[in-house]
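The next block holds one structure in the form of structure tokens; read it before the comments.
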Amino acid sequence: MSNCVELTGRLVDAAELRHSPAGVPIARALLEHDSEQREAGARRPIRFRVGLNAAGAGVAETLGALGVGEPIRVQGILRRSRQRNAETDPIIISVNRIERLTETE
């Protein structure tokens with residue numbers, strides 16, 4: 001089975017940076033995606049928000065340093081935010097790569 005996602009968007013709010021009990025930096029943020037996609041032969045507006053979770057020195061600190069509204073591309077995997085209840089826990093992107101984008105990308 002495969003689980004990989006790449007998404008572009010803008011940060012809705014500043015990332016929350018904390019450290020796990022083991023000292024691992026963890027950043028959380030909210031990404032808003034807004035685009036137009038082709039579906040069933042028609043162009044459709046797509047707009048949604050998704051949570052981001054980045055763990056580890058490089059990726060968490062990069063996310064934590066980004067400003068609100070900054071355009072970015074993230075790559076990672078989809079997972080539940082807490083893994084306790086597959087029915088109700090929201091799906092988030094567990095980020096393993098972040099790239100700053102220019103306004104034209």
Are [X] and [Y] connected in the hydrophobic side-chain network, where two residues link if heavy atoms are under 4.5 Å apart?
| X | Y | answer |
| --- | --- | --- |
| Ile26 | Val59 | no |
| Ile92 | Leu11 | no |
| Val12 | Leu7 | no |
| Ile72 | Ile77 | no |
| Ile93 | Leu30 | no |

Nearest atoms (heavy-atom pairs only) where [X] meets [Y]:
| X | Y | answer |
| --- | --- | --- |
| Arg79 | Ser94 | NE-CB, 3.6 Å |
| Pro71 | Arg10 | CD-NH1, 3.5 Å |
| Gly76 | Asn96 | CA-ND2, 3.7 Å |
| Gly64 | Ala27 | N-CB, 4.4 Å |
| Arg97 | Val95 | O-CG1, 3.4 Å |
| Arg100 | Ala65 | NH2-O, 3.7 Å |

- Query: About how many Å separate CZ of Arg44 and CD of Glu36, when rounded to the nearest 0.5 Å?
  - Reply: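 The CD atom of Glu36 sits 10.5 Å away from the CZ atom of Arg44.
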- Message: Given 3.5 Å as the limit, does a donor-acceptor pair link the side chain of Asp89 with the main chain of Ser81, or not?
- Response: no
If you look only at distance, which donor and acceptor atoms sit under 3.5 Å apart when one is on a side chain in residues 45-58 and the other is two or more places apart or in another chain?
| residue | atom | partner | partner atom | Å |
| --- | --- | --- | --- | --- |
| Arg47 | NH2 | Glu32 | OE1 | 3.0 |
| Arg47 | NH2 | Glu32 | OE2 | 3.4 |
| Arg49 | NE | Glu32 | OE2 | 2.9 |
| Arg49 | NH2 | Glu32 | OE2 | 3.4 |
| Asn53 | OD1 | Arg28 | NE | 3.4 |

